[in-house]
A.B. asks: 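Please find one structure pasted underneath; my questions will follow.
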Number of protein chains: 4
Amino acid sequence: MALSEDQMKAMHKKREKILQEATMLFAVHGYNDTTIAKVANAAGISFGSVFTYFASKEELFYATIKEPLEKLGEELLSFDSNAVNPMKEIEALVQKHVLLISQQPVYLRLFQQVLGQPERFKREFEILNQFFQLFQNKMGILIKRGQELGQLRILHVEAVAISYLSFLNGLRLTTIDGPEHDVWKLFVPCGIQLFGPVE
Amino acid sequence: MALSEDQMKAMHKKREKILQEATMLFAVHGYNDTTIAKVANAAGISFGSVFTYFASKEELFYATIKEPLEKLGEELLSFDSNAVNPMKEIEALVQKHVLLISQQPVYLRLFQQVLGQPERFKREFEILNQFFQLFQNKMGILIKRGQELGQLRILHVEAVAISYLSFLNGLRLTTIDGPEHDVWKLFVPCGIQLFGPVE
Amino acid sequence: MALSEDQMKAMHKKREKILQEATMLFAVHGYNDTTIAKVANAAGISFGSVFTYFASKEELFYATIKEPLEKLGEELLSFDSNAVNPMKEIEALVQKHVLLISQQPVYLRLFQQVLGQPERFKREFEILNQFFQLFQNKMGILIKRGQELGQLRILHVEAVAISYLSFLNGLRLTTIDGPEHDVWKLFVPCGIQLFGPVE
Amino acid sequence: MALSEDQMKAMHKKREKILQEATMLFAVHGYNDTTIAKVANAAGISFGSVFTYFASKEELFYATIKEPLEKLGEELLSFDSNAVNPMKEIEALVQKHVLLISQQPVYLRLFQQVLGQPERFKREFEILNQFFQLFQNKMGILIKRGQELGQLRILHVEAVAISYLSFLNGLRLTTIDGPEHDVWKLFVPCGIQLFGPVE
DNA sequence: TATGAATGAGCATTCATTCAT
DNA sequence: CATGAATGAATGCTCATTCAT
């Protein structure tokens, strides 16, 4: 018997709920200290049900990394690497990036954990790394054009891109925890400096 | 009868060996997947002996973070915040920092893990954070002076310091793993840019 | 979906089985030499299941003391402290008590262990002691009335009650192990003597 | 090389010290929770030395039971089972026994533990039991003579002896903990009652 | 004899996963 | 599909005992 549309919707909703609670718990307590029981409890369902939606704990963690990455990644990549005015694009982009990062306090914790144990979280590290490559490449084009146009100093393009990613990633390490934009805005000029703006 | 000098030395050596192997294992497999048995095995002793040197797994992990931090921290902080020529000092310092960081591939992994789970690794996070504060403050003085002398653009001092720390910390996130200095040197100019050098 | 009635019953039965086997093992081998594995094995379940029914070994031991105490205690206390003829009541009561005690060879061993280590088995000692107080008090009333009516010699009421408890408790220390009533009956007159019957 | 007299003395003293501290610890915390390290610590020596004096923990516990039993037993047995006036002898003996028992709060705890786990502490139980037999027999003679002389009611001799032992043993179960003799004296008449004194 | 580092057997407990209801 | 009882592998830690110094 096929499931009704309502049931489908309800299941989708439940899946989202599990994912959301799992993200929170994984971020705060880490992979091992987050038990399936805790996730189920937070999601208001029985722990057996978690296995209806995710084949294993590993799978759940993977989903927890992957699905938001798709959204976040898309947003981080939504800039024009062929913009007429690279410098202007960079300025806009840093602003957007810093804002985005500041709004993902929980999620970025997960990244840290994966990045801190790449051997252990192989699959997760893989997709993160893949995104990093993409990001690096696209940024590279923009940076290169900026340098060619004389807007940016001549620096090793890849190194700049990596440095910028490090910068973004590291922002979350600060103890400045609230997402009050005013604080985060201070980092925008710093981020822009990384690209080596002339004058 | 107290222990002989030779025995004391042997014990110290054994302790160091445990610490070293534990660092490696923690870095590669993470806290939970590193069992005391594995550490003991790697160190070539019985697992019971680990407890002769470290009261618990937690304690071992803590030592693994703390003791190297003292050395590394000292090196990172060994610059003159009142240098006559702040810009020159910064250039030298970035070079040294990037080199140091590039030589600590294993150890920095541990940092990531702690930073990714500050609630779980409270004590460890605490001392890391403490060092961050120190570093930030000392850097702040140097940056401020650079700005006052017109060598650096006017940027929010604290934000620059934090950005620089993020940059350093994040370098390890790249997949460029070998400590071949030539690669790492590319990041030096990027790091310097962060401070907003005039001209 | 809640558990079916049958399941509930089965679980209750299993819990009882664990409790029973644990009691036996604790009594024979003591707390420390009784491993959860042995209990599970004796109960015919996996050791993991023991934790489904009892949160910890301590908890299991506690239940092992508490639950039977409630039953046994009620029986030991089921006498009329305001009986018209205290002496008769005492005679009946000693008979009943000695019989009861003779039927609890296993369980009383647990008492000994708790009484032998009150600091270690604090909670268990507490409830035992509480029962002792109750028993002592109720016995006290009966004894006092017996003395007032001239049926019993004048002795320190509390001391008599305590002595009687000691007597009951100590019976189990004898090597006469079978619950053949004929042997146990011999102790009834001795118990009665403790109250100081006149004539 | 033979040990000097002084050394012998010192060793004997040390052995006594260990035994004393072990008795205390075993009594309060039980066999398993009393570690050799704790005993050594309490005795002010290194734990390795404990094994110089006692072959194993079991042996130490055994000594802890056996040696005091010899002294205590002798005192408890120092009465004249052929006394001209059995009743008088019994009165004196109960007084002495109750006093003795009241002065052994720590040691009697050990008895309880052994009696609560006879299978586990086989050897210890054996010697305790052996003493019980001796005591029972000697008491039996006295009781029998008392009954023949018409001083005591006719009761099952063995049962009386066992009851009396139970009574003595159980006294320690009361919460009256101080060795203030006045309290303990109250139990003397109760003990005497057990023998069924005529009139 | 005294010391205490080294050893490893032994155990309580956790928790992902399975599966009957 | 939802539930939660059952399972047992895995692991940190304790501690008696040995033995080199």
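Order of the sequence lines sets the chain letters (A, B, ...), proteins ahead of strands, with each chain counted from 1.
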A.B. asks: May I ask you to decide whether A:E126 forms a salt bridge with A:K66, counting only side-chain N to carboxylate O separations under 4.0 Å?
C.D. replies: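 So A:E126 does not pair with A:K66 through a salt bridge.
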A.B. asks: E:dT3, OP1 or OP2 - any side-chain N/O from D:S49 closer than 4.0 Å?
C.D. replies: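 For E:dT3, OP1/OP2 do have a side-chain N/O of D:S49 under 4.0 Å.
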A.B. asks: Which pair of heavy atoms, one from B:S56 and one from B:F51, lies closest together, and at what distance?
C.D. replies: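 Closest approach of B:S56 to B:F51: CA-CE2, 4.1 Å.
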A.B. asks: Could you work out which one of E:dG8, F:dT7, F:dT3 sits closest to the side chain of A:S46?
C.D. replies: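 Ranking E:dG8, F:dT7, F:dT3 by closest atom to the A:S46 side chain puts F:dT3 first.
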A.B. asks: For C:L25 and E:dC11, what is the distance between atoms CG and C1' respectively, to the nearest whole Å?
C.D. replies: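 That distance rounds to 15 Å.
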A.B. asks: Any side-chain N or O of D:Y53 under 4.0 Å from OP1/OP2 of E:dA2?
C.D. replies: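 Yes.
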A.B. asks: Using modelled atom types only, decide if a donor and an acceptor are shared between the side chain of C:Y107 and the backbone of C:M24 within a distance under 3.5 Å.
C.D. replies: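 No.
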A.B. asks: Output the rounded distance in Å from CG (B:N41) to C1' (F:dG12).
C.D. replies: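 Atom CG in B:N41 sits about 16 Å away from atom C1' in F:dG12.
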A.B. asks: What is the distance, to the nearest angstrom, from the CZ atom on C:R15 to the P atom on F:dA5?
C.D. replies: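 For the pair C:R15 CZ and F:dA5 P, the rounded distance is 13 Å.
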A.B. asks: Do any N or O atoms from the side chain of A:S49 and from the backbone of A:T52 form a donor-acceptor pair under 3.5 angstrom?
C.D. replies: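 Checked: no pair found.
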A.B. asks: For A:K13 and F:dA2, give me the distance from atom NZ to atom P, rounded to whole Å.
C.D. replies: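 So the NZ-P distance, A:K13 to F:dA2, works out to 15 Å.
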A.B. asks: Do the side-chain N or O atoms of D:K14 get closer than 4.0 angstrom to the phosphate oxygens (OP1, OP2) of E:dT1?
C.D. replies: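 It does not, given that no N or O in the side chain of D:K14 lies less than 4.0 Å from OP1 or OP2 of E:dT1.
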A.B. asks: Take atom CD of B:Q7 and atom P of E:dA5, then tell me their distance rounded to the nearest Å.
C.D. replies: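 Checked: the CD to P distance equals 8 Å.
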A.B. asks: Main chain of D:G116, side chain of C:Q113: is a donor-acceptor contact present, judged purely on distance under 3.5 Å?
C.D. replies: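 Yes, C:Q113 side chain to D:G116 backbone: donor-acceptor pair under 3.5 Å.
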A.B. asks: What does E:dG10 pair with, Watson-Crick or G-U, if both distances are under 3.5 Å?
C.D. replies: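 The base-pairing partner of E:dG10, which may sit in any strand shown, is F:dC13.
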A.B. asks: Strictly under 4.0 angstrom, non-hydrogen atoms only: write out the protein contact profile of nucleotides 13-18 of chain E, one letter per nucleotide from the 5' end, B, S or -.
C.D. replies: BBSSBB
A.B. asks: Take the protein atom NZ of D:K9 and the nucleotide atom P of E:dT1, then report the distance between them rounded to whole Å.
C.D. replies: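 To the nearest whole Å, that distance equals 18 Å.
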A.B. asks: Taking atom CG of C:L110 and atom CG of C:L69, what is their separation to the nearest 0.5 Å?
C.D. replies: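 With rounding to 0.5 Å, CG (C:L110) is 11.0 Å from CG (C:L69).
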A.B. asks: Can you tell me the base-pairing partner of E:dA20? Count Watson-Crick or G-U wobble geometry only, both distances below 3.5 Å, and say none if there is no partner.
C.D. replies: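 F:dT3 is the nucleotide pairing with E:dA20.
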A.B. asks: Is it possible for you to check whether D:K57 lies under 6.0 Å from the centre of the six-membered ring of D:F26, through NZ or CZ, and within 45° of that ring's axis?
C.D. replies: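 No; the conditions do not both hold, so D:K57 does not lie above the ring face of D:F26.
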A.B. asks: Rounded to whole Å, how long is the line connecting atom CE of C:M8 with atom P of F:dT3?
C.D. replies: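 My rounded result for the distance is 17 Å.
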A.B. asks: May I have the distance from B:D6 (atom CG) to F:dA20 (atom P), rounded to whole angstrom?
C.D. replies: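 Answer to the nearest Å: 17 Å.
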